Amino acid sequence: MAKIVVDGQEIDVPAEYTLLQACEAAGAQIPRFCYHERLSVAGNCRMCLVEVKGAPKVVASCSQQVKDQRPGPNGEPPEVFTASDKVKKSRAGVMEFMLINHPLDCPICDQGGECDLQDQAVIYGDAESRYCEVKRAKEEVNMGPLVKTEMTRCIQCTRCVRFVTEVAGVPEIGAIGRGEDMEITTYLEMALTSELSGNVVDLCPVGALTSAPYAFNARPWELRKTESIDVMDALGSNIRIDARGADVLRIEPRINDDINEEWLSDKGRHACDGLRRQRLDKAYVRKGSKLVEANLDDALDVFAKKLQEAPEKIGFIGGDLANVETLYAAKSLANSLGIKNLDCRQDGALIDDKAGRGGYIFNSTINGIEEADCILIIGSNPRLEAPVLNARIRKAYLAGKLNNIALIGPSYDLTYPYENLGNSVKILEDLAKGKGDFFKTLSNAQKPMIIIGMGAYAREDGDKVAKLIAEIGLKAKIVNDDWNGFNVLHQAAGRVGGLDIGFLPKDGGKSTNQILKDCDTIILLGADEVEAPDNKFVIYIGSHGDKGAHNADLILPAPAYTEKQGIYVNTEGRVQYATPAVSPKGDAKEEWALFRAVSAMIGKKLPFDNISQLRGKLKEEFPSFAVNDGEIAQNTKLDLRFVGEGGNPTSEIFTPQIDDYYLTNAIARASLIMAKCSALKAQSTTKVAAE
Amino acid sequence: MSVRRLAPEEVQPKSFAWSKELEAKCAFWLAKYPPERKRSAVIPFLWLAQKQEGWVSQKAIEAIADQLGMPDIRVLEVATFYTMFHLAPVGKVHFQVCGTTPCMLRGSGEIIKICKKRIGEHHHVTKDGKFSWEEMECLGSCANAPVVAIHDYYHEDLDADSFNKIIDDLEAGKEVKPGSAIGRQKSAPEGGPTTLLDPKLYDGSLAKKIKIPNLPEKAK
C-alpha cells in the first residue's frame, strides 16, 4: 500500500494502482476515452490529465502508477490535483482538439444520449469552438453485419483495436496511417470473425462504431431497461433488455465479474430480432394435414385428454431454453399422473445426477479459470459453445499463469495456443492409466481443470467416456479439499436447472431417444432439435414456430425468455432470476401456468397458484435453489467414483457439437441478423476451403 | 501526409517470393531478434521487399505477416505509417523532394515545379516507367538545402539548373553523382570550413593529462 494525497485528501491505495484508479478511490471523477479497466493502457486520448505536485506538466493519470510518484521534499506523500485550474484548462484544451475533427452530427448519430464524448464535452469542454478550418472526413469501413461504422466520428482511442486483439483474440482491427489521417479499419475491410464482435460497439466512446441491427431504431431515453439473464448459452451472462412498447430493441451486457465481466456474445446480443419473427401467439390444433388456429381453452382440452392416456406412453422432453419453473411444473404434473418419461437432454447427452450436483456443473467456477494452471478440454469447442468463457480462458492464458492447455477432439481456433492431444478416446484411456507426458503435467499442476463439453456426453457411449474422464480426474487428483477441477461446460441454458430438479428418466423412465421411438404422445417444452416420427401425437409448448412446431399436432403458445419470469441455472450451478421486459405475444401463457391450468382440468390440481408459490415449493424440494439471486449453493464434495458408467467406449472420435454458431436455437434461427452472420461465415469458410 | 491505402487490385501482383539473395538478408535480420520476438524484424523486411519489388504490394505484406507470425493488419499498420514505404509502383528513378521549411526557403518550390513540369503530378509514373516523384517531410540535411533523395542517396544544394541536369543525365542513361551540386564539403560552409581550422584543436595535443579516480588497478 502507498499513501497519496488527492485534492487534499490522503488515502492509502495499492502501490501498483494507476493515478486514475487512486483518484477514483478518493472519490474524484476522472474523464477518459481510451482508458478501460479490462484493456491494456494506451494513454493516447489525454483526457485523464491531472496535476501532480512537482511535475513540470500535467500527466495522463491512466498511464502513471502511484509507486512511480516522487514524495515531497520532506518525505510527504505525493500530491495530485484533479480539479485545479491548470487541470481544467488542459482538459478543455484536449477536448477542443478532440472536437476539431469530430462532426457535429449528434442529431443523426445513434450514440446520442449515451455518448461519452457528448457527456464529457458538456462537463469538461469549452462552450464554443474556435476552429474555423476545414474538417477532416473519413470513408466508411466494412466490419461485418453487426458493426456499423461512421469513421469520421472516430477519435482514435483504439479501444476496439485493443479489445479484438486482447480479449477476443482475433487481431483483425488496426489503425493504419498516422496523425490526422490515422484510420481504424480491418485488414482489407474484411468482416470481423469474432463471436464477441458486438462488444466493440459498447466500448466505442463515440458514435464511430454503432450497432448495425439497431441503427436508427431508438434513442436511449425512450427505452425501458430490464435486467435479465441471457439464454443463448449456458453461461447465464447478465444482460439488460432494452425495450420500447412491445418490442425488444436491443440487448446489452450487464457487468457481472463472476460470469461475463462486461462482455456478451454476438448471439446473446443480436439474436433479439428473432423475438419478433416466427412467433407462436395462438394455440393451434392439427386438423387433417393442417394446423388450425384454436381457442386456448379448446387446445387445453385436447392437452388434458391426451394426458389422461396411458402414462407409460407419454413423454416430456425439455428444451434448451426451458426455465426451471417450466420443467418443475411439468415434472410435478408428470409425477401426479405417474409419467416417468422425462428428459431435459434433448441432444441425448448421457449426463445425470448420480454423482450429485458436482458431477454435472462447472465446479471450478468461471472465476476459477483465472487461478488454474493447467486445462484439459475434452470434446468441446469453448469458443463457439461459450464465447465469453473462452475469452476468460484467453485472459488467464495472457496473465501468464495458465501455461498448459490441451484439447482432445477436433482442432479449433480457440484464440490461444493449446496442444491437441488427438481426437480419440484411446488418449483418454492412456491418460486414465497415467500414461503420456500430459498426464504428468496435469497431475503436477496446482490447480488443474478438466473442461468437458457436450461432445463427450452426447454420444451413445457418453456415460462410459465420462467414467474414463472421471478416472483421469481421480488419478491426477483434480478434486481435493480446496479445489474442484471437474467441469462440465453445458450449451443449453435450461440444462443444469433440469438436472437440478431431476428432470430425467428415473425408475425405468424413458430417455429422449426412447421417448421419440416408443411414446405415442410427446410433449416438447420448446425442444426444437429433436425430430419426432410422423405417427406420434406431438404437443409443442414454446415461443417460436421452428422445427418442433412444424411437426406438432397441438401447439400451445408460450412466452420467450424476455417475456416471462424464470430461474436459469448456469453451467456453474449459479441460480439467476430472469425478469420479463415485454408482455407475452397474443395468447401466450407461461408454461407453468398452462400446466397448472391443465392439471385442474384433469382433477390433479398442482399445489401452486402463482409463481412465488411455485418457487417456494421448488426451494423446499431442492435446496440448491434456496440461495440468493446470482449465488451458487454450497456443494457436498464431488466423489468422482460415481461419475459415469463403466464399460468400453464404442466409438472413437469426438465430433463438433455446433455446426453453425449463429443458428443454435429457435430464437437465433428466427433472427435475420443471425442468418446474415451465418451466411457470411459459410461464405468465408468455403473461400478458405477453395484456396 | 495523406491517406495511405494499398494500391488498387489491378496493379497488385499475384504473388510474392523472396529472391535468393534477399532470403539470406531476411535470415540475417531474423537472427538479430529472439524467436518469440521475431516480429521486430517487420521494418527491415518491408524495406527488403521494397528493395526487391520497388514497392510494397499486398502479397508482400501478407507474406511478411506469415513469415513473422503476425496478423496481416499489424504489417499493414507499419507499412501505412511510414511514408518511406511505397504502397504503389514508382518509377525506376523516384525523386523524394524535401519540402520542409529550410528547403522551402532555399528554393525547393522551384524543384517541385520542375518535377511537375517534367514528370507530372506527385506519385505519377512517366509513360516510360522511368520517373516519379513525391514531396517529403524533412530529410534531415537542412544545411545543404534544398535536397532531393534518389533512392538511398542525397543530392544537395540544388537549384533549377542542377536539378534539370540530373534529370537530363538520368534520361540519357548516365550515372549521376550524389552529394552537393556546388562542391560543398559535407555540410561545411560554402567555400570551405571557417572554424576549427587549427588541427591542434582535435588531434589531442592540447588535451591535459588527467587522472581518473577509482580506476581498476592494472593487471600485473
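Below, chains carry the letters A, B, ... as their sequence lines are ordered, and counting in each starts from 1. Everything numeric in this text was worked out from a predicted model, so none of it was measured.
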**Fill in**
Taking a cut-off of under 4.5 angstrom between non-hydrogen atoms, the residues of residues 33-68 of chain B near chain A are Q58(B), I61(B), E62(B)
**Asked** Taking the six-membered ring of F81(B), is the NZ or CZ of R178(A) close enough (under 6.0 Å from the centre) and on axis enough (within 45°)?
**Response** yes
**Asked** Are the side chain of S108(B) and the backbone of P146(B) linked by a donor-acceptor contact shorter than 3.5 Å?
**Response** no
**Request:** Please flag which part of E183(A) lies under 4.5 Å from any non-hydrogen atom of chain B: side chain, backbone, both or neither.
**Result:** side chain
**Message:** Which atoms of T186(A) are under 4.5 Å from chain B, going by heavy atoms: the side chain, the backbone, both sets, or neither?
**Reply:** backbone
**Request:** Given side chain to side chain donor-acceptor pair (under 3.5 Å), test S197(A) with D266(A) step by step and report yes or no.
**Result:** CA-CA 7 Å; S197(A) 63; D266(A) 284 351; 2.7 Å; yes
**Prompt:** Where the side chain of Y418(A) meets the backbone of Y412(A), is there a donor-acceptor pair that is under 3.5 Å apart?
**Reply:** yes
Can you list, pair by pair, the side-chain donor-acceptor contacts under 3.5 Å of residues 139-159 of chain A, counting residues two or more places apart and other chains?
residue	atom	partner	partner atom	Å
E139(A)	OE1	R5(B)	NH1	3.0
E140(A)	OE1	M151(A)	N	3.0
N142(A)	OD1	G144(A)	N	2.9
N142(A)	ND2	E189(A)	O	3.1
T149(A)	OG1	V141(A)	N	3.0
T149(A)	OG1	V141(A)	O	2.6
T152(A)	OG1	K138(A)	N	3.1
T152(A)	OG1	K138(A)	O	3.4
R153(A)	NE	D105(A)	OD1	3.3
R153(A)	NE	D105(A)	OD2	2.9
R153(A)	NH1	G207(A)	O	3.1
R153(A)	NH2	D105(A)	OD2	3.0
Q156(A)	NE2	M182(A)	O	3.3
T158(A)	OG1	N44(A)	ND2	3.4
T158(A)	OG1	R162(A)	NE	3.3
R159(A)	NE	F33(A)	O	2.6
R159(A)	NH1	L203(A)	O	2.9
R159(A)	NH2	F33(A)	O	2.8
R159(A)	NH2	Y35(A)	O	3.0

**Message:** Assess the residue pair N420(A) and S411(A) against the criterion (side chain to side chain donor-acceptor pair (under 3.5 Å)); give the C-alpha distance rounded to whole Å, side-chain angles, the decisive distance to 0.1 Å, and a yes or no.
**Reply:** CA-CA 7 Å; N420(A) 192 336; S411(A) 273; 2.7 Å; yes
**Request:** Using only heavy-atom distances, determine whether the side chains of E156(B) and S180(B) contain a donor-acceptor pair under 3.5 Å.
**Result:** no
